Structures are given as structure tokens and as C-alpha cells.
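This report refers to the structure that appears directly beneath it.
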Amino acid sequence: MTDEAERFWEERYQERDRVWSGRANPVLVDVVGPLPAGAALDLGCGEGGDAVWLAGLGWQVTAVDVSATALSRASAAAEAAGVEARIDFQRHDLAHSFPSGAFDLVSAQFLQSPVEFPRDRVLRAAARAVASGGLLLIVEHGAFPPWARHHEPHPRFPSPEETLAVLDLSPGQWRTERLGSPEREATGPDGQRGTLIDNVVAVRRLA
């Protein structure tokens with residue numbers, strides 16, 4: 001049975017031939033670029049921009065999304081870039097299933113949804129999937145993009161501090177490496193220019 005999240009995202013991806021830019025998210029590039037490659041988990045991989053970028057740096061990537069259309073496009077992008085052997089694409093509705101394994105990097109980039117989604121529970125599962133010495137990187141919208149369709153219902157945007165608290169991390173077992181709300185200039189899907197606010201939480205599990 002197809003649930004609301006899958007229906008929503010399938011319809012979203014089928015509205016146009018490409019929804020996202022195909023480039024890796026800039027905070028991911030900034031934070032992860034200097035790190036040695038290992039095993040990565042990309043939650044909500046969309047059309048594969050982050051997964052393809054990570055694989056190009058030598059990471060072994062497990063990339064998951066609820067939308068079969070998004071995963072098909074991501075797989076085609078990986079093949080075109082010659083990195084398909086380093087990416088395992090899996091379909092998961094994270095409200096109901098979560099990929100197995102432990103990862104040196106768990107990336108949750110804009111894992112936000114206008115339809116019902118157990119965000120807090122999924123983020124805690126993401127933290128549990130981080131291997132010893134590994135990094136959890138969460139990047140979220142701090143406000144609506146200037147070009148957003150404001151008529152869509154959406155929960156409030158938690159602060160980075162609130163997101164960190166939601167993770168319920170054991171004291172002494174994690175180190176916070178980034179916590180803040182930087183601004184950046186970006187281009188919207190129809191060429192609009194605007195300023196975006198990214199809420200960033202980067203925490204490392206201590207070895």
C-alpha cells in the first residue's frame with residue numbers, strides 16, 4: 001500500500017524532469033570534502049547529487065529515498081559519472097524502515113517534509129547508525145526559501161540547538177563540531193536568486 005509520503009514525493013518528482021541541481025549540497029562539500037573516504041549513508045538522496053559527489057571522492061555510499069523516480073534518476077546520474085559501483089541505492093520510507101549498518105558519515109540533508117514525517121525518531125536512528133569515530137551531519141532549512149510555495153503546510157523550523165537536543169546523545173560520547181545557522185546565496189528552481197538560511201548540526205561519535 002502506497003502511503004502519503006511516497007505519493008507526495010513521487011508526484012513531486014514526476015512534475016518535472018529534474019527537481020534539484022544535481023550538485024552536492026554546499027555544506028556537505030565544506031564539511032566532508034577534507035575528510036578521508038569511508039562508508040557513507042545518504043538519507044533522502046533525491047536525484048543523487050550528494051551520493052555521486054561522495055562516490056567520486058572514493059566513499060562507499062548507501063543512498064536511500066522513498067521515491068522510486070528519484071532513485072532511478074540518481075542511479076542514472078551515478079552511471080553517467082562512472083561511480084555506480086560505489087553506490088548502493090535503496091528505497092526506504094524512513095518512517096517504516098531504516099538501512100542497516102554502521103557508517104563513517106551519516107548525512108541528512110534537508111530531511112524535511114510538508115507531509116507527516118517522524119523527523120525526531122529518524123534523526124535519532126541516524127545517530128545510532130554512526131560508527132565509532134564517525135560523523136553525523138544534519139543540514140535543514142532555517143526558513144522558507146524565498147521561492148517556496150508557501151501554501152504548502154509545513155511544521156515550524158527547529159533551531160540547530162533544538163535539533164541537537166532531539167538527538168538525545170549520551171554525554172561524553174559525542175563531540176559537537178558545528179552548530180549554527182549560516183546564510184548563503186542560492187538560485188531557485190526557476191532561476192530566482194535569494195538568501196537561504198541553513199541550520200547545521202555536525203556531531204562526531206568519539207572513538
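Each residue takes its place number in the sequence, starting with 1. Quick caveat: nothing in here was measured; it's all calculated off a predicted structure.
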Q) Please walk me through it: do Thr163 and Arg119 pass side chain to side chain donor-acceptor pair (under 3.5 Å)? A) CA-CA 10 Å; Thr163 297; Arg119 168 187 174 273; 2.5 Å; yes

Does any N or O in the side chain of [X] come within less than 3.5 Å of the main-chain N or O of [Y], such that one atom is a donor and the other an acceptor?
| X | Y | value |
| --- | --- | --- |
| Arg91 | Val66 | yes |
| Gln173 | Ser170 | no |
| Asn199 | Glu140 | no |
| Arg121 | Ala95 | yes |
| Arg124 | Leu167 | no |

[atom1] of [X] to [atom2] of [Y]: how many Å apart, nearest 0.5 Å?
| X | Y | atom1 | atom2 | answer |
| --- | --- | --- | --- | --- |
| Thr176 | Glu161 | OG1 | CD | 10.0 Å |
| Ser107 | Trp59 | OG | CH2 | 10.0 Å |
| Glu47 | Thr69 | CD | OG1 | 9.5 Å |
| Ser100 | Gln90 | OG | CD | 7.0 Å |
| Gln60 | Leu54 | CD | CG | 11.0 Å |

Q: Test Cys45 against Val61 for side-chain contact (heavy atoms from CB on, under 4.5 Å), laying out the working first.
A: CA-CA 10 Å; Cys45 68; Val61 184; over 6 Å; no

Which pair of heavy atoms, one from [X] and one from [Y], lies closest together, and at what distance?
| X | Y | answer |
| --- | --- | --- |
| Ser132 | Ala207 | OG-CA, 3.1 Å |
| Asp50 | Ala24 | OD1-CA, 3.2 Å |
| Ala131 | Ala102 | CB-CB, 4.0 Å |
| Leu41 | Ala129 | CD2-CB, 4.4 Å |

Q. Run the side-chain contact (heavy atoms from CB on, under 4.5 Å) check on Phe89 and Asp65 step by step: do they pass?
A. CA-CA 8 Å; Phe89 291 105; Asp65 204 278; over 6 Å; no

Can you confirm whether [X] sits close enough to [Y] that some side-chain heavy atom of one is under 4.5 Å from a side-chain heavy atom of the other?
| X | Y | result |
| --- | --- | --- |
| Asp120 | Asp168 | no |
| Arg184 | Asp198 | yes |
| Leu164 | Leu169 | yes |
| Val203 | Leu135 | no |
| Phe110 | Asn25 | yes |
| Ser181 | Ser159 | no |
| Leu179 | Val200 | no |

Taking a hydrophobic cluster as the set of Ile, Leu, Val, Met, Phe, Trp and Tyr residues connected by side-chain heavy atoms closer than 4.5 Å, whether directly or through intermediates, do [X] and [Y] fall within one such cluster?
| X | Y | result |
| --- | --- | --- |
| Val29 | Val201 | no |
| Phe117 | Val64 | yes |
| Val106 | Val139 | no |
| Phe103 | Trp53 | no |
| Ile197 | Leu137 | no |

Q.
Please determine whether side-chain contact (heavy atoms from CB on, under 4.5 Å) holds for the pair Thr62 and Asp42, giving the CA-CA distance in whole Å, both sets of side-chain angles, and the decisive distance to 0.1 Å.
A. CA-CA 6 Å; Thr62 299; Asp42 182 7; over 6 Å; no

Q: I would like to know whether Val52 and Ile87 meet side-chain contact (heavy atoms from CB on, under 4.5 Å); could you show each step before the answer?
A: CA-CA 8 Å; Val52 169; Ile87 307 178; 4.3 Å; yes

(Q) Could you walk me through whether Arg86 and Glu84 satisfy the salt bridge (Lys or Arg N to Asp or Glu O under 4.0 Å) test, starting with their C-alpha distance in whole Å, then the side-chain angles of each, then the deciding distance to 0.1 Å, before giving a yes or no? (A) CA-CA 5 Å; Arg86 289 201 288 271; Glu84 68 274 17; over 6 Å; no

Q. Side chains of Thr195 and Glu183: do they bring a donor and an acceptor to under 3.5 Å?
A.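 There is no such pair (donor and acceptor under 3.5 Å, judged by atom type) between the side chains of Thr195 and Glu183.
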
Q: Starting from the C-alpha separation in whole Å, work towards a yes-or-no answer on ring-ring contact (aromatic ring centres under 6.0 Å, His included) for Phe98 and His92.
A: CA-CA 7 Å; Phe98 198 91; His92 286 272; 7.5 Å; no

Q. Charged N to carboxylate O under 4.0 angstrom, Asp30 versus Arg178?
A.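 Yes, Asp30 and Arg178 are salt-bridged.
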
